[in-house]
Amino acid sequence: MLLAGAFTGCGEKNEAFENAMALVQSLDYEEALAQFEEAENTGANGRLVNRGRGIAYMGLTDYDQAITCFQQALSASSGILENVDFDLNYYMAAAYAKSGRYQEAEDTYDAILALRSNEEDAYFLRGNMRLSLSDFEGAKEDFDQVISMDSKNYDRLIEIYEVLDNFGYKEAGQAYLQAALNSGDKSMDTYVMGRIYYYLEEYQKAYLALEEAKDKGGVESYLYLGRAYEATGDYNYASNVYSSYLSKYDGNAEIYNQLGLCELNRGDYQKALEAFQAGLQLEGNLVQQSLAFNEIVAYEYLGNYEQAYELLTNYMKSYPDDEQARRELDFLSTR
């Protein structure tokens, strides 16, 4: 799926539209919708306005309204296929999936692939939908197609494993990983090998490979190395791995998040809280939601239920579809 901010430069600039998209990025969906209304009234591109509205409604978990907006945007096509048409279909399929309408999501990916048969993302996402529909064989066909299109895309291979594991097909996912190891690919470096060993649950092989890979300084190498030690219950060494990264390089939100989780497992809740808060101070991080929720958990462990409740109430405004957080809010309301 393309980014929420894509296509904002199409045509003449409209200040209200630009403001609306910025508000979407900052998760202020209600105000974004008001700005989209203003954008429409001041002549902004109608298709892009409806696209933006759809994304905002998805943020508010109003998936039916989101689908309506995406359909309106698609129906306003000139008849000449553009990138925005495919982008809209990806968003619409995601909205169908979020609302549990998996067959309609699969049908949307079918439509994308009928027009662009080389859309690797569409095969991968359709595989996800087929698993949701209990169609393992169909999903496997899609995942096989994805791998055949780029057999050395190990990031995507690991994504396939994670999806299969999530649906209860861990062994099938691990078979893909083992096949990659057995392929004899000379370009496979220690970082890739370490990650694959990690998911194969061969943790000693994983951290031996990742110890070598971390010398290159890649943050993901440190993350997987720490997680490999965590998987063996060695939270002390895992904590040292994350702290070592932070002592050598600029702060990283994922490292802070993982360090905080490590400290929670070690029982040092104050250090955990400090790690989560340090991560939250970094702008533009990709684990903002996880950090925000984990900060709340740390306050709970510290017995500061009042602060936890206040933060969780604000959290639910940005992430209203987090069922775990909703249950936690019910719990905190009784404290």
Side-chain angles (χ1 to χ4, degrees), residues 1-8 10 24 47-48 50-59 61 63-169 172-173 175-177 179-180 199 286 321:
M1 187 187 302
L2 301 182
L3 295 175
F7 306 112
T8 57
C10 295
V24 167
R47 297 192 78 201
L48 298 187
N50 276 319
R51 174 183 178 276
R53 281 175 173 149
I55 297 169
Y57 279 120
M58 284 188 72
T61 69
Y63 301 117
D64 288 341
Q65 190 61 51
I67 291 165
T68 297
C69 290
F70 296 138
Q71 289 173 335
Q72 288 173 345
L74 284 165
S75 67
S77 170
S78 65
I80 300 173
L81 280 176
E82 301 175 276
N83 285 334
V84 68
D85 293 294
F86 290 95
D87 175 78
L88 285 163
N89 273 289
Y90 274 111
Y91 271 115
M92 189 161 66
Y96 279 135
K98 285 282 190 179
S99 59
R101 296 161 66 177
Y102 304 122
Q103 187 58 62
E104 287 162 290
E106 181 183 357
D107 293 343
T108 305
Y109 293 124
D110 287 344
I112 292 171
L113 289 166
L115 294 168
R116 283 186 178 175
S117 61
N118 62 342
E119 284 282 306
E120 184 182 320
D121 285 344
Y123 284 111
F124 172 70
L125 293 167
R126 189 175 68 177
N128 281 248
M129 292 307 98
R130 287 177 167 177
L131 286 175
S132 297
L133 291 164
S134 302
D135 180 8
F136 171 74
E137 292 302 325
K140 189 175 184 304
E141 286 180 11
D142 279 340
F143 295 148
D144 287 346
Q145 176 66 22
V146 170
I147 293 169
S148 72
M149 293 171 78
D150 187 358
S151 62
K152 296 183 180 181
N153 185 345
Y154 297 116
D155 290 336
R156 179 48 59 85
L157 179 66
I158 287 171
E159 283 185 294
I160 289 172
Y161 162 79
E162 290 176 326
V163 171
L164 286 166
D165 180 32
N166 185 54
F167 279 91
Y169 297 103
Y176 280 121
L177 298 177
Y199 289 114
L286 300 177
D321 59 344

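For the atom pair OG of Ser99 and CE of Met58, the computed distance is 9.0 Å after rounding to the nearest 0.5 Å. In this structure, CZ in Arg126 is found 5.0 Å from CG in Leu113, a value given to the nearest 0.5 Å. Taking CD from Gln65 and CZ from Phe70, the interatomic distance works out to 10.5 Å, rounded to the nearest 0.5 Å. Going from atom CD of Gln71 over to atom CG of Asn89 covers 10.0 Å, rounded to the nearest 0.5 Å. Put simply, CG on Leu88 and CG on Asn83 are 11.0 Å apart, with the number rounded to the nearest 0.5 Å. Once rounded to the nearest 0.5 Å, the distance linking CD1 of Ile160 with CD1 of Ile147 reads 4.0 Å.
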Fill in: Stepwise side chain to side chain contact (heavy atoms under 4.5 Å, CB included) check, Glu106 with Leu133
CA-CA 9 Å; Glu106 181 183 357; Leu133 291 164; 3.1 Å; yes

Item to complete: Any chance you could lay out the side chain to side chain contact (heavy atoms under 4.5 Å, CB included) test for Leu177 and Ile158, step after step, and finish with the verdict?
Response: CA-CA 8 Å; Leu177 298 177; Ile158 287 171; 4.3 Å; yes

Item to complete: Walk me through it: do Gln145 and Met149 pass the test side chain to side chain contact (heavy atoms under 4.5 Å, CB included)?
Response: CA-CA 6 Å; Gln145 176 66 22; Met149 293 171 78; 3.7 Å; yes

Discussion item. Between Tyr90 and Leu125, is the side chain to side chain contact (heavy atoms under 4.5 Å, CB included) condition met? List the steps.
Written reply: CA-CA 9 Å; Tyr90 274 111; Leu125 293 167; 3.9 Å; yes

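Considering only heavy atoms from C-beta on, Tyr63 comes within 4.5 Å of Asp321 through its side chain. With contacts defined as side-chain heavy-atom distances shorter than 4.5 Å, the pair Ile67/Glu104 does not qualify. At least one side-chain heavy atom of Phe136 sits less than 4.5 Å from a side-chain heavy atom of Leu131. With a 4.5 Å cut-off on side-chain heavy atoms, Met129 and Thr108 do not count as touching. Residues Asp64 and Tyr57 form no side-chain contact, since every pair of their non-hydrogen atoms from C-beta on lies 4.5 Å or further apart. Using a 4.5 Å heavy-atom threshold, the side chains of Glu82 and Ser77 count as separate.
Scanning both residues, Ala105 and Ala97, for their nearest heavy atoms gives CB-N, 4.1 Å. Contact detail for Arg53 and Cys69: the closest heavy-atom pair is CB-SG, 3.8 Å. Closest non-hydrogen pair, Ala66 versus Ala95, comes out as CB-CB, 4.5 Å.
Side-chain contact of Asp144 with Tyr176: a donor-acceptor pair under 3.5 Å is present, judged by distance alone. Side-chain contact annotation: Asn128 with Tyr109, donor-acceptor N/O pair under 3.5 Å absent.
For Asp107, there are no salt bridge (charged side-chain N to carboxylate O under 4.0 Å, His left out) partners two or more places apart in sequence or in a different chain. In terms of the side chain to side chain donor-acceptor pair (under 3.5 Å) criterion, Tyr102 has no residue partners (sequence neighbours excluded). Considering only residues two or more places apart in sequence or on other chains, Glu162 meets the salt bridge (charged side-chain N to carboxylate O under 4.0 Å, His left out) condition with none of them.
Taking the six-membered ring where the residue is Trp, Tyr199 and Tyr161 present tilted rings, their angle falling between 30° and 60°. By the 30° and 60° cut-offs, the orientation of the rings of Phe124 relative to Phe143 is tilted.
With respect to the salt-bridge test (charged N to carboxylate O, under 4.0 angstrom), the residues Asp142 and Arg130 qualify. The pair Lys140-Glu137 fails the salt-bridge criterion, with no side-chain N (NZ, NE, NH1 or NH2) lying under 4.0 Å from an Asp/Glu carboxylate O. Salt bridge absent: Asp121 and Arg116 never bring a charged side-chain N and a carboxylate O closer than 4.0 Å.
Put simply, the side chain of Ser75 gets close to the backbone of Gln72: a donor and an acceptor are under 3.5 Å apart. Using a distance-only test at 3.5 Å, with no hydrogens or angles considered, no donor-acceptor pair links the side chain of Ser151 to the main chain of Ser148.
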